[in-house]
Amino acid sequence: MLRPLLFMVAVVLSACGGGEGASFAPGSAHTHCGVSVGTQRIIGTVTSVHDGDTFTVGGESIRLASIDAPELDQAYGPSSRAHLAAMVLGQSVTVTYAHTDRYDRVLGTVFKPDCSQVNLSQVASGAAWYYEAYQCDIDLRQRQAFAAAHASARTTKKGLWANAAVAPWVYRNGVEAKVPSSCPNGDAASDGRGALS
């Protein structure tokens with residue numbers, strides 16, 4: 001019942017000029033399209049794509065949670081951005097989130113009206129890494145989905161995996177990210193207060 005209602009809201013917003021701005025609304029549940037997510041929502045049209053993991057909706061900068069795309073000056077960076085733009089630019093999306101990152105960007109899980117998850121699609125297509133350093137921010141089912149998508153893209157040499165790839169966090173900082181060996185609540189998501197760069 002919630003999914004058709006949110007889709008109708010997105011359609012109404014688009015018809016009323018919602019593409020110019022965004023609708024901010026609290027969610028009534030911790031799930032969207034069957035995925036455990038933050039309770040806050042932004043519904044609007046993507047107006048610009050900065051790189052492979054950041055875009056703008058209604059003037060709000062959105063950073064895709066759980067992934068890290070190559071920097072624009074890295075190999076495959078422009079292709080990652082182009083892949084994200086092809087999926088979302090000029091289209092209505094629902095951003096679900098609980099907080100912002102240290103750069104005041106909304107750190108969100110993004111869904112298209114058909115419930116396809118943009119974050120996961122970037123990883124599955126080889127346009128981004130699953131950012132395991134923040135795995136405790138999502139539930140076990142999502143961790144497994146991201147890990148499987150990452151492994152499949154890498155094994156089949158999709159996208160950035162067609163050549164030698166340097167993780168963006170290593171490119172930026174020169175060090176590997178620290179991946180937690182376990183999450184505080186087992187398979188439950190933590191409060192997700194990690195800050196992506």
Side-chain angles (χ1 to χ4, degrees), residues 20-27 30 32 35-112 117-123 127-139 142-143 146 150 160 165-180 183-184 189-197:
E20 298 299 318
S23 167
F24 293 79
H30 291 277
H32 183 79
V35 177
S36 180
V37 293
T39 59
Q40 298 182 71
R41 308 281 189 268
I42 299 172
I43 302 169
T45 300
V46 176
T47 56
S48 65
V49 175
H50 174 68
D51 56 24
D53 55 31
T54 310
F55 60 76
T56 303
V57 173
E60 191 73 39
S61 184
I62 310 297
R63 171 64 163 85
L64 277 66
S66 302
I67 75 170
D68 202 3
E71 299 295 330
L72 290 175
D73 58 350
Q74 254 187 289
Y76 206 78
S79 296
S80 176
R81 176 176 58 183
H83 187 267
L84 181 59
M87 273 196 297
V88 300
L89 187 60
Q91 298 183 43
S92 178
V93 296
T94 298
V95 180
T96 61
Y97 68 103
H99 58 275
T100 57
D101 69 6
R102 64 183 168 187
Y103 301 105
D104 206 30
R105 299 174 296 188
V106 167
L107 187 56
T109 303
V110 181
F111 297 89
K112 294 179 72 169
Q117 188 185 141
V118 174
N119 311 47
L120 189 58
S121 295
Q122 279 291 87
V123 174
W129 275 258
Y130 165 38
Y131 208 168
E132 289 181 285
Y134 296 95
Q135 68 183 349
C136 294
D137 292 359
I138 55 178
D139 69 15
Q142 281 296 288
R143 289 197 298 269
F146 275 103
H150 182 100
L160 64 91
V166 176
W169 53 87
V170 172
Y171 180 80
R172 287 189 300 266
N173 308 319
V175 296
E176 276 296 335
K178 293 182 181 180
V179 177
C183 294
S190 72
D191 70 332
R193 298 263 174 221
L196 296 177
S197 53

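The chain is numbered in sequence order, starting from 1. Every heavy atom of this structure was used, including side-chain atoms; hydrogens, water molecules and symmetry mates were not.
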Student: How long is the gap from OG1 on Thr39 to CZ on Arg41, to the nearest 0.5 Å?
Tutor: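 Nearest 0.5 Å value for the OG1-CZ distance: 7.0 Å.
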
Student: For Leu72 and Arg81, what are the C-alpha separation, side-chain angles and deciding distance, and is it a side chain to side chain contact (heavy atoms under 4.5 Å, CB included)?
Tutor: CA-CA 8 Å; Leu72 290 175; Arg81 176 176 58 183; 3.8 Å; yes

Student: For the backbone of Gly52 and the side chain of Gln122, can you confirm whether one donor and one acceptor N or O come within less than 3.5 Å of each other?
Tutor: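 Side chain of Gln122 to backbone of Gly52: a pair is present.
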
Student: Taking all non-hydrogen atoms of both residues, which atom of Tyr97 and which atom of Leu107 are closest, and how far apart?
Tutor: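 Scanning both residues completely, I find the closest heavy atoms to be CB-O, 3.4 Å.
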
Student: Calculate, to the nearest 0.5 Å, the distance between atoms NE2 and CD belonging to His99 and Gln40 respectively.
Tutor: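 One finds 10.0 Å between NE2 of His99 and CD of Gln40.
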
Student: Applying the ring-ring contact (aromatic ring centres under 6.0 Å, His included) test to Phe146, which of Trp129, Tyr130, Tyr134 qualifies?
Tutor: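 In the set Trp129, Tyr130, Tyr134, the residue that makes a ring-ring contact (aromatic ring centres under 6.0 Å, His included) with Phe146 is Tyr130.
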
Student: State plainly whether the residues Arg63 and Asp68 are in salt-bridge range, i.e. N to O under 4.0 Å.
Tutor: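 Looking at Asp68 together with Arg63, the answer is yes, because their closest N to O distance falls below 4.0 Å.
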
Student: To check you understand the geometry: which heavy-atom pair defines the closest contact between Val95 and Gly108, and what is its length?
Tutor: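 Result for this residue pair: CG1-CA, 4.0 Å.
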
Student: Stepwise, does the side chain to side chain contact (heavy atoms under 4.5 Å, CB included) test hold for Gln135 with Cys183?
Tutor: CA-CA 8 Å; Gln135 68 183 349; Cys183 294; 4.2 Å; yes

Student: How long is the span from the OG1 atom in Thr54 to the CG atom in Leu64, to the nearest 0.5 Å?
Tutor: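 Thr54 atom OG1 to Leu64 atom CG measures 7.0 Å (nearest 0.5 Å).
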
Student: Do you know the tightest heavy-atom contact between Ala127 and Leu160?
Tutor: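 Of all heavy-atom pairs spanning Ala127 and Leu160, the closest is C-CD2, 3.8 Å.
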
Student: State the CD1-OG distance between Ile138 and Ser66, to the nearest 0.5 angstrom.
Tutor: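 The OG atom of Ser66 is 3.5 Å from CD1 of Ile138, to the nearest 0.5 Å.
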
Student: Work out which heavy atom in Ala69 is nearest to a heavy atom in Pro168; give both atom names and the distance.
Tutor: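 That would be O-CG, 3.2 Å.
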
Student: Please identify each residue that fulfils ring pair (Phe, Tyr, Trp, His ring centres under 6.0 Å) with Phe55, with sequence neighbours left out.
Tutor: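 Scan of Phe55 (ring pair (Phe, Tyr, Trp, His ring centres under 6.0 Å), adjacent residues dropped) gives none.
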
Student: Side chain to side chain donor-acceptor pair (under 3.5 Å) with His150: which residues, sequence neighbours excluded?
Tutor: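 None.
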
Student: Mark yes or no for whether Lys112, through its side chain, and Met87, through its backbone, hold a donor-acceptor pair below 3.5 Å.
Tutor: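 It does hold such a pair.
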
Student: Please step through side chain to side chain contact (heavy atoms under 4.5 Å, CB included) for the pair Leu84 and Asp53, ending with a clear verdict.
Tutor: CA-CA 8 Å; Leu84 181 59; Asp53 55 31; 5.7 Å; no

Student: Should the ring pair Tyr131 and Trp169 be called parallel, tilted or perpendicular, given that the plane angle runs from 0 to 90° and is split at 30 and 60?
Tutor: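 Tyr131 and Trp169: parallel rings.
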
Student: Mind checking the CG-OG1 spacing from Asn119 to Thr96? Nearest 0.5 Å is all I need.
Tutor: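 Atom-to-atom, Asn119:CG and Thr96:OG1 are 8.0 Å apart.
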
Student: How long is the span from the CD atom in Gln74 to the CG atom in Asp51, to the nearest 0.5 Å?
Tutor: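 Output value for this atom pair is 10.5 Å.
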
